[in-house]
Amino acid sequence: MTLHVPKHFAALAGLVAGALAVTIGMLVAAITEVVSPIDAVGSEVIDRVPRWVKEQAIEWFGTDDKLALRVGIISILTIAAVGLGVVAARRPWVGAAGIGLFGLVGALAAAHRPGEGLGAAVPSIIGAAVGAAVLHRMVRPRPIEVPGPSQAPLGWDRRRFLAAGGVAAVSAAAAGGVAQALENRRVDELRAATREPLPELAASAGPDTSTAPLDLPPDAQLFDETPFVTPNDEFYRIDTALSFPNINIDKWSCEITGMVDVPLKISYADLLAMPQVERAVTLCCVSNEVGGEYIGNAVWRGVMLRDLLETAGVQPGAEQVYSTSLDGWTCGFPVAAAFDGRDAMIAIGMNGEALPLEHGYPARLVVPGLYGYVSATKWLARIELTTWDQEGYWVPRGWSAEGPVKTQSRIDVPRTKTVPSGKQAIAGVAWAQFRGIAKVEVQIDDGEWQQATLGADVSDDTWRQWLLEWAPTPGLYLLKVRATDKTGETQTELQTPVAPNGATGYHTIRVKVE
Ligand SMILES: Nc1nc2c(c(=O)[nH]1)N[C@H]1C(S)=C(S)[C@@H](COP(=O)(O)O)O[C@H]1N2
Ligand SMILES: [Mo]
């Protein structure tokens, strides 16, 4: 005679076995230095979801969208594990096969990730095998031999079940803990590497290929609420990466290949030894709403892209500078943008430090005047000269192939909805990288457009601060701003969404003066 494990115990068995499958997978992945199964599945989800799902996720969760994705995946796995446990009470093999199926999904996802091979499938397979075996063993019906106190009424050995479950749960916690510790150690080591100071910037005599450290005029900063140079830890971060790619600085190199005469392979040491420049460049995201925060200004240090491309020799017919990151993200911009005088560079430094891990250590591209999604590859691995037949990551996902930055302006002061009456300032930033900002105007209610004072013109590639004195009496006010770039073009009032190539419209705020 056999009796089945009661449902709630079977559910518990499913949960424990599922947890063990996931954490063993994480542990094997951490030890063998391949992508973790959950991250692999998460990244596949990121790459495959339709645009509206992604936009909804960003609207709900903002830059916490990745945390939301992780929580979502873990919730689905938890529900599935409980369900498989319950099924397994009657059909142990079905439960075990279910865990195997999830393992297969993890294995396929991991092996499919850019930069990973078949080896990346192993953690999921081992994890699923262990989880399936544990589930099967825990719920397998047993003939009753000697009815003892813990066996008698149920027909299954509760004590034995709980002991096995306990061991499995503790093992899962241990495996998860060690896996997380290994990942933390990996990231700590990478961070330590980013804290190595860069060699002094040489002030050699070259025309514009080598230069002294950049000196910023103090009057670039007209007001304090928005620093003219965005500190590294306040700089916005946008990317598709769920975890930092595996970076081995001693083995790292950037290839320059494709339609070139001489393909190059440049190591980190090579980059450090090449003539470098320091340039203030404002970087912004095409997903920045009017008035949004996905913009920052940094002093980037790096090697001019045109120097490297001239060394490699760009062949006629090459249309696109197409780059790939260590984690397989891609983007591309016109070859002309590397040669039309703008300071496109492979950056290794940001605001006097090596590039932070979040912003692309060891090297990234920075191209003034282009949105990040077409140009600013972080964790750079490869630059290929090619035609427009190749599409960057966001292009088949509904974004324009070319992404020149639109002239825009933002009101940063007042920052609160209510302000006291009396003398104060309306202030903010305006940007039109590569063209430069010529004029900023502010409109209060239906009044005349008034010209704001501009901060120092550091370069055409950075934002400019602007400020207008204001001494309002109590009341409700509507404030609008608009910028004009140095080609004479004033930004359009027409409101358009961020997709497919950047939002337009005047940033407008309502203020109550008390
Ligand atoms: N490897 C990689 N590089 C990337 C991205 C990415 O998803 N992966 N996103 C790009 C986008 S859309 C932007 S706006 C900028 C943002 O750079 P930041 O995070 O340093 O501000 O990086 C670009 N480089
Ligand atoms: Mo972006």
Side-chain angles (χ1 to χ4, degrees), residues 35 39 42-43 45-47 49 51 54-55 58 62-63 65-66 69 113-115 194 229-247 252 254 281-289 292-302 321-333 344-351 353-383 392-406 408 431 433 463 497-503:
V35 62
D39 282 0
S43 296
V45 171
I46 291 177
D47 290 357
V49 292
R51 197 168 102 200
K54 186 165 322 201
E55 275 160 19
I58 288 174
T63 40
D65 55 342
K66 286 178 196 161
L69 175 65
R113 293 310 299 159
T194 69
V229 173
T230 315
N232 288 357
D233 56 1
E234 286 170 30
F235 206 95
Y236 81 97
R237 176 184 174 190
I238 299 279
D239 53 63
T240 59
L242 274 177
S243 50
F244 296 116
N246 278 318
I247 301 158
W252 178 86
C254 174
V281 177
T282 297
L283 183 65
C284 57
C285 184
V286 69
S287 303
N288 195 30
E289 304 281 353
E293 303 269 300
Y294 297 158
I295 180 165
N297 183 46
V299 176
W300 306 96
R301 166 176 168 177
V321 179
Y322 183 83
S323 55
T324 307
S325 69
L326 288 172
D327 60 333
W329 186 84
T330 56
C331 73
F333 55 86
M345 63 164 102
I346 296 186
I348 52 169
M350 181 177 184
N351 295 331
E353 295 167 16
L355 274 184
L357 207 44
E358 286 77 2
H359 299 291
Y361 177 83
R364 75 174 306 167
L365 282 167
V366 173
V367 186
L370 303 183
Y371 287 120
Y373 85 102
V374 289
S375 66
T377 305
K378 304 192 275 190
W379 314 298
L380 184 63
R382 208 169 116 90
I383 294 173
Y393 183 90
W394 285 110
V395 178
R397 292 171 174 81
W399 299 80
S400 302
E402 296 200 36
V405 171
K406 293 177 179 173
Q408 264 295 352
W431 60 93
Q433 296 95 306
W463 60 18
V498 293
N501 53 25

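Read the numbers this way: they start at 1 and go in the same order the structure lists the ligands and their atoms. Being a predicted model, the structure only gives us computed values, none of them experimental. Side chains included, hydrogens not; waters and symmetry mates left out as well; all remaining heavy atoms used.
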Taking only heavy atoms of [X], which atoms of ligand 1 are found under 4.0 Å from at least one of them?
{"X": "H359", "answer": "18 (P), 19 (O), 20 (O), 21 (O)"}
{"X": "D327", "answer": "1 (N)"}
{"X": "Y373", "answer": "11 (C), 12 (S)"}
{"X": "F235", "answer": "21 (O)"}
{"X": "C285", "answer": "14 (S)"}
{"X": "L283", "answer": "17 (O)"}
{"X": "S325", "answer": "1 (N)"}

Can you tell me the protein heavy atom closest to [atom] and the distance?
{"atom": "atom 19 (O) of ligand 1", "value": "K378 NZ, 2.5 Å"}
{"atom": "atom 21 (O) of ligand 1", "value": "Y236 O, 2.6 Å"}
{"atom": "atom 24 (N) of ligand 1", "value": "A376 O, 2.9 Å"}

Side-chain touch [X]/[Y], heavy atoms, less than 4.5 angstrom:
{"X": "Y393", "Y": "T377", "result": "no"}
{"X": "W300", "Y": "R364", "result": "yes"}
{"X": "D239", "Y": "D327", "result": "no"}
{"X": "L326", "Y": "F244", "result": "no"}

Test of understanding: with side chain to side chain contact (heavy atoms under 4.5 Å, CB included), list the residues that count as partners of C284, not counting sequence neighbours. I295, Y371, V405, W431, Q433
Select the closest option to atom 9 (N) of ligand 1 among V286, I238, T330, judged by heavy-atom distance. I238
Option of least heavy-atom distance to atom 11 (C) of ligand 1 (set: G372, S323, S287):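 Comparing heavy atoms across G372, S323, S287, the nearest one to atom 11 (C) of ligand 1 lies in G372.
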At under 4.0 Å between heavy atoms, which part of W329 makes contact with ligand 1: side chain, backbone, both or neither?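 Within the 4.0 Å criterion, W329 contacts ligand 1 through side-chain atoms alone.
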Checking contacts here: is it the side chain or the backbone of W379 that comes within 4.0 Å of ligand 1, counting heavy atoms only? Could be both or neither. side chain
Determine the sole option in I346, T330, I383 for which the side chain to side chain contact (heavy atoms under 4.5 Å, CB included) test with S323 is passed.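 Testing each of I346, T330, I383 against S323, the sole residue satisfying side chain to side chain contact (heavy atoms under 4.5 Å, CB included) is I383.
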Looking at K66 and D39, is any side-chain nitrogen of the basic one under 4.0 Å from a carboxylate oxygen of the acidic one? no
Mark yes or no for whether Y373, through its side chain, and N501, through its backbone, hold a donor-acceptor pair below 3.5 Å. no
